[in-house]
Number of protein chains: 2
Amino acid sequence: MRISELSKSAGVPVDTVKYYLRMRLLPEGRRTSATQAQYEQSHLDRLRLIRALTGAGGLSLATTRSILEVLDRRDRPTSTHQLLEQVDQLLAPLGEEPEDTTRAEAVIADMGWDLKITEPGPTSRLAQALAAIDAADFPLDHQAVLDYAHVMQALADEEVASVPDDADAALVRYIVLGTILIEPLLLALRRLALINASARRYSADT
Amino acid sequence: MRISELSKSAGVPVDTVKYYLRMRLLPEGRRTSATQAQYEQSHLDRLRLIRALTGAGGLSLATTRSILEVLDRRDRPTSTHQLLEQVDQLLAPLGEEPEDTTRAEAVIADMGWDLKITEPGPTSRLAQALAAIDAADFPLDHQAVLDYAHVMQALADEEVASVPDDADAALVRYIVLGTILIEPLLLALRRLALINASARRYSADT
């Protein structure tokens, strides 16, 4: 297809498509003349992914580029699992490393989670969340954390089971977008559910 | 207690305590001389809350001040439920209003949620999350959203049921901190659970 069709199908202005081409976020098309090129379905998929990451996903162009680079490295031997780990790493750059990951490791051990990861990122993120709860003297014991973990595990098991079996583009979209887009959905639903639950308990107490 | 004890008990440097006093985030103590004042348990509670909100909670001083103002307005007739709604509003200022809240309203209706709210914020947030998922062509049907909603409802019911019955300071801390601090915990646990689930499914596919 020509750039105008590509632009229309993806819902991205032609100027933006040209900008992505110049930035090499989008690979060049096949030249058919000095001023024209042909684009394939793969260009359209890539363009939709960029739009989803930068628009709906709220990622910066720099993070989007890093994610695309991870995805492009798939020709080298990378398992789907390593891919998920790399994407996870990119999506939430950590601030300070937490000093103490003992509690986080205890949660992971008690959940029987065998993560097969090489980077400390995901564990550190849990340690940071737990440290914040501690610092605020918020009462949440180990068992309560495990209760949350079991709920998240049930969700994750279903999510990973629902990933289509055919590898590559579809799978990658699934993993990246599922990670980015489901998080705001979960938090929005939790806020609503909290308001509903508090309405039942408290709305008469004015 | 004196300011030095207050500082030590809360783990906040004396200079910072003085800054909070000047900014009126913390009410003045009872003057005992020209240069000394006495502080009560209520000062310590407030200081710990500020520390938790600005530190662990990652809120700006401006948002912290707004939250404290909402809490301070409790002498006027405000139900606990309205308090939760106001805090929710402050914590996640929305960007653009979503054009279409039909799907979000359908989720709320199908969940039988009776929110008793006056602001559109929580519904808009859900509409935004759903619009992002749509924009990315991520396959997630209405039933799948309801499945997530049921999981969040079960969590919220337990969370609200666990709020202590005695009103005021403790309750307020519970609601505000529970909303702020549990969100990063849930997301950290979900990422780990996803990695674990993908390790089981994919780690052999290198």
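Every chain is numbered from 1 and lettered A, B, ... according to where its sequence line falls, protein lines coming before strand lines.
We find the CG-CG distance between B/L189 and A/L130 to be 7.5 Å, quoted to the nearest 0.5 Å. Considering CG of B/D114 and CZ of A/R200, their distance stands at 9.5 Å, rounded to 0.5 Å. Remark: A/I133 CD1 to B/L185 CG distance equals 4.5 Å, nearest 0.5 Å.
At a threshold of 4.5 Å between non-hydrogen side-chain atoms, the residues A/L187 and B/R125 do not count as touching. Here the side chains of A/L140 and B/I182 are in contact, with some heavy-atom distance below 4.5 Å. Counting only heavy atoms from C-beta outward, the side chains of B/L194 and A/L155 never approach each other to under 4.5 Å.
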Intermediate values then yes/no, side-chain contact (heavy atoms from CB on, under 4.5 Å), B/L186 and A/L186: CA-CA 9 Å; B/L186 282 178; A/L186 282 178; over 6 Å; no
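Against chain B, the residues from residues 102-111 of chain A that qualify, each with a non-hydrogen atom under 4.5 angstrom away, are A/V107, A/I108 in number order.
A pairwise comparison of heavy atoms in A/A156 and B/A197 identifies O-CB, 4.0 Å as the closest pair.
If you tally non-hydrogen atom pairs under 4.5 Å between each of B/A188, B/A193, B/A129 and chain A, the highest count goes to B/A193. The residue among B/A149, B/A154, B/A144 with the most heavy atom pairs within less than 4.5 Å of chain A is B/A149.
Without hydrogens or angle criteria, B/N196 side chain to A/L115 main chain gives no donor-acceptor distance under 3.5 Å.
At a 4.5 Å heavy-atom cutoff, the contact between A/E183 and chain B is made by backbone and side-chain atoms alike. Both the backbone and the side chain of B/I195 come within contact range of chain A, each with at least one heavy atom under 4.5 Å from a heavy atom of that chain. With a threshold of 4.5 angstrom between heavy atoms, B/E159 approaches chain A through side-chain atoms but not through N, CA, C or O.
Other residues, nucleotides and ligands place no more than 12 heavy atoms under 6.0 Å from the CD atom of A/E28.
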